[in-house]
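Keep in mind that what you see is a predicted model, and the values were worked out from it rather than measured. These values consider heavy atoms only, across backbone and side chains, with no hydrogens, waters or symmetry-generated copies.
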Amino acid sequence: MGGWWRAMPRAAGRYPWLSNVLLYGALCSAGDALQQRLRGGPADWRQTRCVATVAVVFHANYNYVWQRLLERAVPGRTPRAILTKVLCDQVVGAPVAISAFYTGMSILQGKDDIFLDLKQKFWNTYKLTNFSLVPIQWRTAYTGLYGFLWFSFLCYSQQSGDGTLKSAFTFLRLKEADQVESPSEK
């Protein structure tokens with residue numbers, strides 16, 4: 001494991017687009033697999049393939065270009081620059097990305113109303129640390145790391161939740177209650 005981990009910075013420096021897109025796609029797919037595992041059902045690899053497709057075809061590329069566009073438009077890490085980037089990202093970037101996720105997943109799943117999930121479950125996230133602490137060559141991968149958690153929630157929400165944090169916490173409480181009711185035998 002140590003060899004590939006040490007090779008990542010070199011790969012990101014030499015092939016920034018490819019390494020970021022692949023890492024982002026892997027993290028988003030892992031996020032979907034994690035939420036499936038947490039739900040306790042069988043693995044749905046078709047669902048994970050859909051997530052991987054949306055992540056690699058759109059999200060990773062969009063984030064790669066968007067992060068660089070923001071950095072060119074508002075360079076630096078001053079508090080003003082960071083807040084401007086966060087505002088731009090939340091007002092312009094996040095709605096595009098979230099819309100693409102719900103719409104892309106609906107298309108790949110063959111749903112009749114490809115905008116229904118988007119209309120019912122749309123909400124936003126924040127990426128303040130991305131613009132203040134992360135160097136530009138790692139921002140897409142960093143977004144992918146948070147995307148791992150975000151996609152876990154999105155996939156859960158898209159499959160069985162209502163698009164709110166309350167539904168995620170309700171799910172976690174139900175899992176906790178199941179474990180209390182059936183403690184493992186020693």
Student: Let me check something: do V86 and V74 share a hydrophobic cluster, defined by ILVMFWY side-chain heavy atoms less than 4.5 Å apart, either directly or through other members?
Tutor: no

Student: Quick one: does Q137's side chain get under 4.5 Å of P16's, heavy atoms only?
Tutor: no

Student: Taking Y62 for the side chain and A55 for the main chain, is one N or O donor matched with an acceptor at less than 3.5 Å?
Tutor: no

Student: For residues P135 and R77, determine if any side-chain heavy atom of one lies less than 4.5 Å from a side-chain heavy atom of the other.
Tutor: yes

Student: When rounded to the nearest 0.5 angstrom, what distance separates CD1 in I107 from OG1 in T53?
Tutor: 12.0 Å

Student: Any non-hydrogen side-chain atom of Q35 less than 4.5 Å from a side-chain atom of D32?
Tutor: yes

Student: Mark yes or no for whether E71, through its side chain, and G76, through its backbone, hold a donor-acceptor pair below 3.5 Å.
Tutor: yes

Student: K85 side chain to R80 main-chain N or O, any donor-acceptor pair under 3.5 Å?
Tutor: no

Student: Anything under 30° is parallel, anything over 60° is perpendicular, the rest tilted; go ahead and classify H59 against Y24.
Tutor: parallel

Student: Counting C-beta onward and ignoring hydrogens, is there a side-chain heavy-atom pair between T140 and W66 closer than 4.5 Å?
Tutor: no

Student: Do Y64 and L18 come close enough that some side-chain heavy atom pair is under 4.5 Å?
Tutor: no

Student: Can you name the closest pair of heavy atoms from P75 and A81 and give their distance?
Tutor: O-CB, 3.7 Å

Student: Say you draw a straight line from CG of L83 to CG of L87; how long is it, rounded to the nearest 0.5 Å?
Tutor: 8.5 Å

Student: Taking a hydrophobic cluster as the set of Ile, Leu, Val, Met, Phe, Trp and Tyr residues connected by side-chain heavy atoms closer than 4.5 Å, whether directly or through intermediates, do L23 and I136 fall within one such cluster?
Tutor: no

Student: May I ask you to test the K111-M105 pair for a side-chain heavy-atom distance under 4.5 Å?
Tutor: no

Student: Quick check for you: to the nearest 0.5 Å, what is the distance between N63 atom CG and C28 atom SG?
Tutor: 8.5 Å

Student: Output the distance between atom SG (C50) and atom CG (L108), rounded to the nearest 0.5 Å.
Tutor: 4.5 Å

Student: Is V92 reachable from L69 through a run of hydrophobic residues whose side-chain heavy atoms are each under 4.5 Å from the next?
Tutor: yes

Student: Is there a chain of hydrophobic side chains (I, L, V, M, F, W, Y, each step under 4.5 Å between heavy atoms) that links V54 to V56?
Tutor: no

Student: So L70 and C88, do their side chains get closer than 4.5 Å, heavy atoms only?
Tutor: yes

Student: Going hydrophobic residue to hydrophobic residue with side-chain gaps under 4.5 angstrom, can you get from V57 over to I98?
Tutor: no

Student: Measure the spacing between CH2 of W45 and CD of Q36 and express it to the nearest 0.5 Å.
Tutor: 7.0 Å

Student: Enter the distance from L22:CG to Y15:OH here, rounded to the nearest 0.5 Å.
Tutor: 12.5 Å

Student: Can you name the nearest heavy-atom pair linking F58 to A97, along with the distance?
Tutor: CE2-CA, 4.3 Å

Student: For residues N61 and W17, determine if any side-chain heavy atom of one lies less than 4.5 Å from a side-chain heavy atom of the other.
Tutor: yes

